[in-house]
Amino acid sequence: YSTVDKSSAWQKNDITYKIVNFTPDIPRADVESSIKRAFKVWSDVTPLTFTRVYEGDCDIEIQFVSGDHGDNSPFDGPDGILAHAFQPGPRIGGDTHFDDAETFTKNSQQYNLFLVAAHEFGHALGLNHATDQGALMYPTYPSTDPDNFRLPQDDIDAIQSLYGKTSNPIQPTGPTTPSKCDPNIVFNAVTTLRGELLFFLNRFVFRKHPRGGESDLLFIQELWPTLPSDIDSAYENPITGEILVFKEKKYWTLDGFDVSQGPRSIAELGFPRNVKKIDAAVHVETLGKTYFFVNNKYYSYDEDKQAMDKGFPKFIAKDFPGMRPNIDAAFYYKGLLYFFQESVQYEYSIESKRIKQVLRSNSWLGC
Amino acid sequence: SAAFPAASQEDLEGKYGKMAQKYLEKFYDMKTTGRPVGRKTNNNPFVKKLQEMQAFFGLEVTGKLDQKTVKMMEKPRCGVHDIGE
């Protein structure tokens with residue numbers, strides 16, 4: 001992270017703000033609640049307090065403006081630049097301007113006002129842009145679920161370096177951004193997608209072509225805005241070209257980068273009620289079967305008949321000798337299964353029922 | 001597929017060069033005379049600033065306007081500079 005000098009931050013903890021005008025995109029009450037929540041992001045982790053004033057002087061003046069609005073930093077119409085804010089100081093210092101040419105929302109559609117405001121208030125408090133891709137202070141719009149937003153640790157460290165910690169006995173911690181070559185990396189789910197590999201982890205997905213090139217780290221919601229974070233499992237059915245993504249007792253169907261259906265209940269696929277989540281899923285092209293791994297057992301689903309095979313679930317240890325229960329993720333590639341357990345990956349031959357190789361879980365990412 | 005169609009370096013610079021120049025002026029404090037920057041040599045301010053931008057975003061630092069760099073520049077973002085100013 002990067003910040004202004006401590007001497008250029010606010011030299012007080014009680015900050016006032018004023019909402020000068022409103023966007024017509026959402027009701028006033030939603031603007032007010034989005035702004036209030038955006039300030040709370042910062043006050044939750046520091047001794048800072050934010051008080052709204054309705055007239056007179058204040059520290060942070062909030063406006064919705066468009067085009068050239070007299071501060072030598074004109075806005076550029078829809079998309080592009082969404083907002084800007086000035087670092088702490090008198091007069092225009094701390095002031096925050098939103099581009100009124102944008103459509104602001106209170107949901108996961110772009111551009112969520114709370115997310116944009118929380119970022120800008122970081123500037124108004126003295127934070128610069130961060131290079132951590134998962135940080136709130138990263139320069140680009142964060143395609144992350146606004147309802148489940150938690151301030152990332154990089155931003156907590158940044159703001160606390162200027163204003164100190166909260167007086168709460170339990171210090172808040174935030175999510176960190178995964179590093180592809182972390183030897184302890186544990187993926188939530190792995191699947192192929194039209195020749196590429198996707199590795200899901202918390203809010204993120206690593207996208208990689210197996211034949212080479214650098215992997216891209218993206219927010220899951222950047223590719224599929226209506227998908228949740230922290231998914232449990234996923235698989236590609238190459239016959240239909242669809243990907244099924246599972247979280248707890250729900251699943252979504254993806255057609256490339258569109259969410260074509262969902263969420264639906266996994267009961268529709270034939271899972272009994274006692275299945276609370278699917279640890280891993282993989283489609284074996286040569287058999288036309290999809291295997292679902294749940295704790296120490298697995299289910300077999302016939303994609304042609306669109307029904308669960310009879311006689312399942314069966315024990316993983318019996319039919320996949322060498323494999324232990326609680327598989328984190330799995331995918332099928334060029335006739336072999338790849339099972340992920342914690343930070344390890346097992347290359348598995350279905351034909352010989354043997355583990356062929358033990359690899360690090362991030363070996364596909366060039367690590 | 002969401003993969004990019006192949007495009008030559010000349011194509012990219014021709015199509016996105018002006019946009020990239022504006023981006024670097026705005027967010028990376030690139031000083032120009034307002035005219036398009038010339039040949040992309042290593043001493044060229046465009047190349048240097050493009051490298052800074054690529055490093056900031058964790059992209060491969062090539063100093064050339066490649067697909068991933070263009071894609072990053074096209075993302076919606078905050079109007080505050082990244083470095084400089």
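This is a predicted model, so every value here is computed, not measured. A, B, ... follow the sequence lines: proteins, then strands. Residue 1 opens every chain.
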**Asked** What distance do B:Cys78 atom SG and A:Leu136 atom CG have between them, rounded to the nearest 0.5 Å?
**Response** 10.0 Å

**Asked** Which one of A:Leu223, A:Asp216, A:Asp76 has the most heavy-atom pairs closer than 4.5 Å to chain B?
**Response** A:Asp216

**Request:** Report the C-alpha separation of B:Leu59 and A:Glu214 in whole Å, then their side-chain angles, then the decisive distance to 0.1 Å, and conclude whether the side-chain contact (heavy atoms from CB on, under 4.5 Å) test is met.
**Result:** CA-CA 9 Å; B:Leu59 300 167; A:Glu214 283 287 305; over 6 Å; no

**Request:** Please look at A:Phe86 and chain B and tell me whether the side chain, the backbone, both or neither of the residue comes under 4.5 angstrom of a heavy atom of that chain.
**Result:** neither

**Asked** Quick one: are A:Pro139 and B:Phe27 in side-chain contact, heavy atoms under 4.5 Å?
**Response** no

**Asked** Which atom names give the shortest non-hydrogen contact between B:Lys75 and A:Glu222, and what distance separates them?
**Response** NZ-OE2, 2.8 Å

**Item:** Pairwise distance CZ(B:Arg77) to NE2(A:His119) - rounded to 0.5 angstrom
**Value:** 8.0 Å

**Spacing of A:Ile81 atom CD1 and B:Lys26 atom NZ [to the nearest 0.5 Å]** = 4.5 Å

**Message:** Please determine whether the number of non-hydrogen atoms from other residues, nucleotides or ligands lying under 6.0 Å from atom NZ of A:Lys106 exceeds 12.
**Reply:** no

**Message:** Using the rule given for side-chain contact (heavy atoms from CB on, under 4.5 Å), can you reason through B:Val80 versus A:His129, listing the C-alpha separation, both sets of side-chain angles and the distance that settles it, and then say yes or no?
**Reply:** CA-CA 8 Å; B:Val80 175; A:His129 280 148; 3.9 Å; yes

**Prompt:** If you draw a 6.0 Å radius around CD in B:Glu60, do more than 12 non-hydrogen atoms from other residues or ligands fall strictly inside?
**Reply:** no

**Request:** Check whether any side-chain heavy atom of A:Thr131 sits under 4.5 Å from a side-chain heavy atom of B:Phe57, and report yes or no.
**Result:** no

**Request:** Kindly check if the number of other-residue, nucleotide or ligand heavy atoms within 6.0 Å of NZ (B:Lys64) is above 12?
**Result:** no

**Message:** Classify the ring geometry of A:Tyr138 against B:Phe56: parallel below 30°, tilted from 30° to 60°, perpendicular beyond 60°.
**Reply:** parallel

**Message:** Is A:Glu120 close to chain B through its backbone or its side chain, or both, or neither, when contacts mean heavy atoms under 4.5 Å?
**Reply:** side chain

